[in-house]
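Order of the sequence lines fixes the chain letters, A, B, ..., with proteins taken first and strands second; residue numbering starts at 1 for each chain. What you see below is based on every heavy atom in this structure, not just the backbone, and it leaves out hydrogens, waters and symmetry mates. A quick note: this is a predicted structure, and the numbers were derived from the prediction, not measured.
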Amino acid sequence: MEEIRLIEVKEEILSDNKDLADGLRKRLSRNGVFVMNLMSSPGGGKTSLILRTIRAMKDDFRIGVIEGDIDSMVDAETVVREGVSAVQLRTGGFCHLDVPMVTSALDAMDLESLDFVIIENIGNLVCPAEFDTGAHLNAMILSVPEGDDKPLKYPLMFTVCDVLLINKIDYLKYGEEFDLKAVKERALNLNPEMKIIEISCKTGEGIYEWIDWLGDKIVS
Amino acid sequence: MHELPVTESILNIALKHARAHNVERIVNISLRIGELSDLVNEWVQHYFDYLSKDTIAEGAKLDIERSPVVFRCDGCEKSFQVDIKKIKEVICPDCGGKKNTLISGREYYIKNIAVI
């Protein structure tokens, strides 16, 4: 009988993507392009936040948007109407964006003419958390109607993001049951370094604080 | 939900090491995956069976060991394990500190492969 032997592998499964992500980050930094990866559940307000951000920042920065979507072009069309360049990535069923996908979108953009690129990741709080996109900043939205238990249910997402935007904060006025204090505690509990900003893309509340904070990150 | 790309990566890494050692067949792959990952073991095996057809890894069994979620207290620097799916708050059992940093529970790691 043939003998079974063990070969030590000791390799990270996602190391390929991680290495590619580090390489991409360096390349983008050399080109003077700052990239933000935006994640949330479907309907959390990613596209609305992107529109708000573009309107507030397009005089100061040349902005491009990568729209990740499973199978539509709707978001890219909305963003282009704001006068910025956008590339739609249709993942054809994939639940997250990874570095090769982001790279193919960046290759379709003129990076020389951009300062700031926003990646709108696929809407879900599970898969995008696992895959580094090569962005400099990870941002997530949790909207009030989703509930205050989300840090408990999707802890990984809260550990990988630099900033948490609590969106649809205007809903609290209508008596939505959402324990703001508990959400902040739970998020900081998982990630003490996390910046938390309350916003409403509808009323504009908190948007200036967000733009100020983000602007500092882009220029630093 | 993202078992497919992860499984593809497992297969490619295993095949790369098998080629380097000139082996006939891979019979087992030992993995360590952090508790924070939502991967479902059965699905990883299903995808693996599908992807590994007609390769030297066809029929190989995946042994998946789950590594616990461990935090380190920013205050007293003691490390402690938590069951993140059950608890509501991460608190240092030693000093009651609420500022804690995740130090393990996210790994996706191939330990070794058993080959003939």
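- Atoms NE2 and CG, from B:His21 and A:Leu6 in turn, are 11.0 Å apart once rounded to the nearest 0.5 Å.
- Looking only at side-chain heavy atoms (C-beta outward), A:Asp16 and B:Asn12 stay at 4.5 Å or farther from each other.
- Among A:Asn191, A:Asp149, A:Leu156, the residue with the largest count of heavy-atom pairs under 4.5 Å with chain B is A:Leu156.
- Highest contact tally toward chain A, considering only B:Asn100, B:Ile26, B:Val90, B:Ile116, is held by B:Val90 [criterion: heavy-atom pairs under 4.5 Å].
- Residues of residues 128-136 of chain A placed with any heavy atom under 4.5 Å of a heavy atom in chain B are listed by number as A:Ala129, A:Glu130, A:Phe131.
- Across all non-hydrogen atoms, the minimal contact from A:Ile13 to B:Ser9 is O-OG, 2.5 Å.
- For B:Lys16, the NZ atom sits in a packed shell: over 12 heavy atoms of surrounding residues, nucleotides or ligands are nearer than 6.0 Å.
- More than 12 heavy atoms of other residues, nucleotides or ligands lie within 6.0 Å of CH2 in A:Trp213, so this atom counts as buried by the packing criterion.
- Contact detail for A:Glu12 and B:Tyr108: the closest heavy-atom pair is OE1-O, 3.0 Å.
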Full working for side-chain contact (heavy atoms from CB on, under 4.5 Å) between A:Leu190 and B:Leu102: CA-CA 7 Å; A:Leu190 293 163; B:Leu102 181 73; over 6 Å; no
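- Of the atoms belonging to B:Val27, it is side-chain heavy atoms, and not backbone ones, that fall under 4.5 Å from chain A.
- Counting heavy atoms from C-beta on, the side chains of A:Leu188 and B:Lys99 never come closer than 4.5 Å.
- For chain A, the nearby part of B:Lys111 is the backbone; its heavy atoms alone come within less than 4.5 Å.
- The environment of B:Tyr109 atom OH is dense: over 12 non-hydrogen atoms of other residues, nucleotides or ligands sit within 6.0 angstrom.
- B:His17 and A:Ile7 make their closest contact through O-CD1, 4.3 Å (heavy atoms, listed as atom of the first residue, atom of the second, distance).
- Ranked by non-hydrogen atom pairs under 4.5 Å with chain A, the options B:Thr101, B:Val23, B:Val115, B:Leu36 are led by B:Val115.
- Taking a 6.0 Å sphere around CG of A:Asp107, one finds it holds more than 12 heavy atoms contributed by other residues, nucleotides or ligands.
- The contact list for residues 51-74 of chain B toward chain A, using heavy atoms and a distance under 4.5 Å, reads B:Phe71, B:Asp74 by residue number.
- Heavy-atom distances place the side chain of B:Leu31, and not its backbone, under 4.5 Å from chain A.
- Both the backbone and the side chain of B:Ser37 have a heavy atom closer than 4.5 Å to some heavy atom of chain A.
- Minimum interatomic distance between B:Asn112 and A:Glu8 (heavy atoms only, all atoms of both residues): CB-CA, 4.0 Å.
- For B:Ile13, the part lying under 4.5 angstrom from a heavy atom of chain A is the side chain only.
- In this structure, chain B has a heavy atom under 4.5 Å from the side chain of A:Arg186, while its backbone stays farther away.
- Between the side chain of A:Asn189 and the main chain of B:Ile91, no donor-acceptor pair closer than 3.5 Å is present.
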